[in-house]
Amino acid sequence: MPELPEVETVRVTLEKEISNEEFAQVDAHYPKIITNDTHEFKQKIVGQKINRIDRMGKYLIFILDQDALIIHLRMEGKFFIKLDEPIQKHEHVVFHFKSGRNLRYHDVRKFGTITLIPLSEYLDTYPLNQLGDEPKDINIEHFYSVLNKKNTEIKAVLLDQHIIAGLGNIYVDETLFLSHVHPTRIASSITYDEAKWIIQAAIQVLDKAIQLGGTTIRSYTSSLGVHGRFQNELNVHMKANEPCPRCQTKIIKMKVKGRGTYVCPSCQK
DNA sequence: CCCGTGCCCTGGCGGC
DNA sequence: TGCCGCCAGGGCACGG
């Protein structure tokens, strides 16, 4: 489940590995991953070079000569760099470079998406034009005024990428724990100070996770075998029945808007 | 506009 | 041991 820190880890690794590579051919073994018309996609991308790799929220953005390649890894998307060797199970899209190396998109659940959009439009086009600011760029007054109008649980608001970009299930649980806010609180009841604590906690959690290369739990590993270490820093996520690090109360697992949610019932209000 | 539900997909796990 | 059924989850389409 790559969230902002895992995607950033992938971005850094990929930029180091494949900047300046030129696309020679694309094999789409499972074409649904690519949201463009497959034929047009291949025709356009061949001959372009990777100049830079950016990230916005959980999206990776390959800056090519004419177009931006916009990638969302969803739950289990990952990349591998290989030479020409047999295709493995779950390698759905293979980008062949002129150098002879391949970039392989691997995704057990096939939920990820890859989209090619001209450089002149990509920031003003779906999906990136829908994206809210990341926690580090959020204006607190504006965020507070948005919360004020929301009649839904705070956890759902923090997961909404239109409002705030980069947080997923793990980091929302951790952010709410650090800010002492209970995930089922109705957003409009959040005070200005709590809104400020939430943003500060989100920034702190994401920064720490980026420093540690992200979180490796379940089946998710970063690209190229990189393993994050933030799982050792988790306070509540996946900690059902363990003592709260602050007050020793048992962490409970509950459902919030259908999402597995971990909370300290005593010190999150 | 706002919010809830179901869908996409497959490996892994619990239950028997 | 083997099989079945269900769950996980980000984001969108759709419906009330």
Side-chain angles (χ1 to χ4, degrees), chain A residues 1-8 10-11 28-36 55-61 70-79 87-93 104-115 117 122 125-135 145-176 183-190 202 206 209 214-222 231 234 236-241 252-263:
Chain A
M1 26 234 62
E3 304 178 33
L4 191 154
E6 292 74 37
V7 178
E8 177 62 15
V10 172
R11 185 196 72 77
H29 298 100
Y30 183 79
K32 279 183 73 175
I33 300 285
I34 297 169
T35 64
N36 310 79
R55 181 191 53 72
M56 289 174 66
K58 306 177 195 172
Y59 289 89
L60 279 172
I61 306 163
I70 298 165
I71 297 155
H72 198 302
L73 305 171
R74 284 297 204 284
M75 260 69 78
E76 300 198 21
K78 50 188 74 110
F79 282 109
I87 298 301
Q88 300 298 305
K89 197 176 180 184
H90 307 307
E91 290 180 348
H92 303 307
V93 182
R104 302 189 181 190
Y105 180 72
H106 178 289
D107 189 346
V108 169
R109 299 210 185 151
K110 301 179 173 174
F111 274 16
T113 55
I114 298 179
T115 305
I117 302 179
Y122 78 100
T125 312
Y126 172 87
L128 295 184
N129 67 344
Q130 305 289 309
L131 212 53
D133 286 329
E134 295 181 8
S145 77
V146 171
L147 292 188
N148 229 323
K149 297 180 195 105
K150 287 277 172 192
N151 194 29
T152 185
E153 291 144 320
I154 183 65
K155 175 159 181 175
V157 176
L158 296 178
L159 286 171
D160 186 341
Q161 305 297 302
H162 304 95
I163 296 170
I164 182 167
L167 298 171
N169 206 34
I170 298 173
Y171 296 112
V172 166
D173 282 358
E174 294 298 310
T175 293
L176 287 172
T184 60
R185 278 276 298 286
I186 298 301
S188 58
S189 79
I190 300 289
L206 295 176
T215 301
T216 306
I217 59 172
R218 300 246 180 98
S219 59
Y220 185 73
T221 55
S222 299
Q231 62 275 14
L234 295 172
V236 286
H237 192 81
M238 299 291 282
K239 302 284 188 188
N241 297 319
I252 59 166
K253 181 179 184 183
M254 59 189 297
K255 287 266 187 188
V256 178
K257 289 281 188 289
R259 303 273 178 252
T261 300
Y262 299 84
V263 56

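No experiment lies behind these values; they were computed from the predicted model shown. Chain letters run A, B, ... following the sequence lines, proteins first and then strands; every chain starts at 1. Only this structure's heavy atoms are used, side chains among them; waters, hydrogens and symmetry mates stay out.
Taking the six-membered ring for Trp and the full ring otherwise, the centers of A/Tyr262 and A/His237 sit less than 6.0 Å from each other.
Rounded to whole angstrom, the span from the CD atom of A/Gln130 across to the P atom of C/dG10 amounts to 18 Å.
Side chain of A/Lys32, nearest nucleotide from C/dA8, C/dG11, B/dC9: B/dC9. Each of C/dG11, C/dG9, B/dG11 was ranked by its minimum atom distance to the side chain of A/Asn169; first place goes to C/dG9. With distances taken from any side-chain atom of A/Tyr30 to the nucleotides B/dG11, B/dC3, B/dC9, the minimum falls on B/dC9. Among B/dG11, C/dG11, B/dC8, the nucleotide with an atom closest to any side-chain atom of A/Phe111 is B/dC8. Side-chain atoms of A/His90 lie closest to B/dT10 of the nucleotides C/dC12, C/dG10, B/dT10.
Checked by atom type and distance alone, the side chain of A/Arg185 never pairs as donor or acceptor with a backbone atom of A/Ala187 at under 3.5 Å. In this structure a side-chain-to-backbone donor-acceptor pair under 3.5 Å is present from A/Glu3 to A/Tyr171.
Among the protein residues, A/Gly258 comes within range of no part of the nucleic acid, since none of its heavy atoms lies under 4.0 Å from any strand. A/Asn151 comes within 4.0 angstrom of sugar-phosphate atoms only, judged by non-hydrogen atoms across all strands, and of no base. No contact: A/His92 has no heavy atom under 4.0 Å from any strand.
For A/Arg259 and C/dA8, a side-chain-to-base donor-acceptor distance below 3.5 Å is absent, hydrogens and geometry of angles not being considered.
Between B/dC3 and A/Lys150, a contact under 4.0 Å exists linking OP1 or OP2 to a side-chain N or O. Of the side-chain N and O atoms in A/Lys257, none sit less than 4.0 angstrom from OP1 or OP2 of C/dG9.
The partner of B/dC2 is C/dG16, by the rule that a Watson-Crick or G-U pair needs both atom distances under 3.5 Å.
If you check the side chains of A/Tyr122 and A/Thr115, you find no donor sitting under 3.5 Å from an acceptor.
Nearest-nucleotide assignment on DNA chain C puts the 5′-proximal partner with A/Lys255, out of A/Leu167 and A/Lys255.
Between A/Lys78 and A/Glu6 there is no salt bridge, since none of the side-chain N atoms of the basic residue sits less than 4.0 Å from a carboxylate O of the acidic one.
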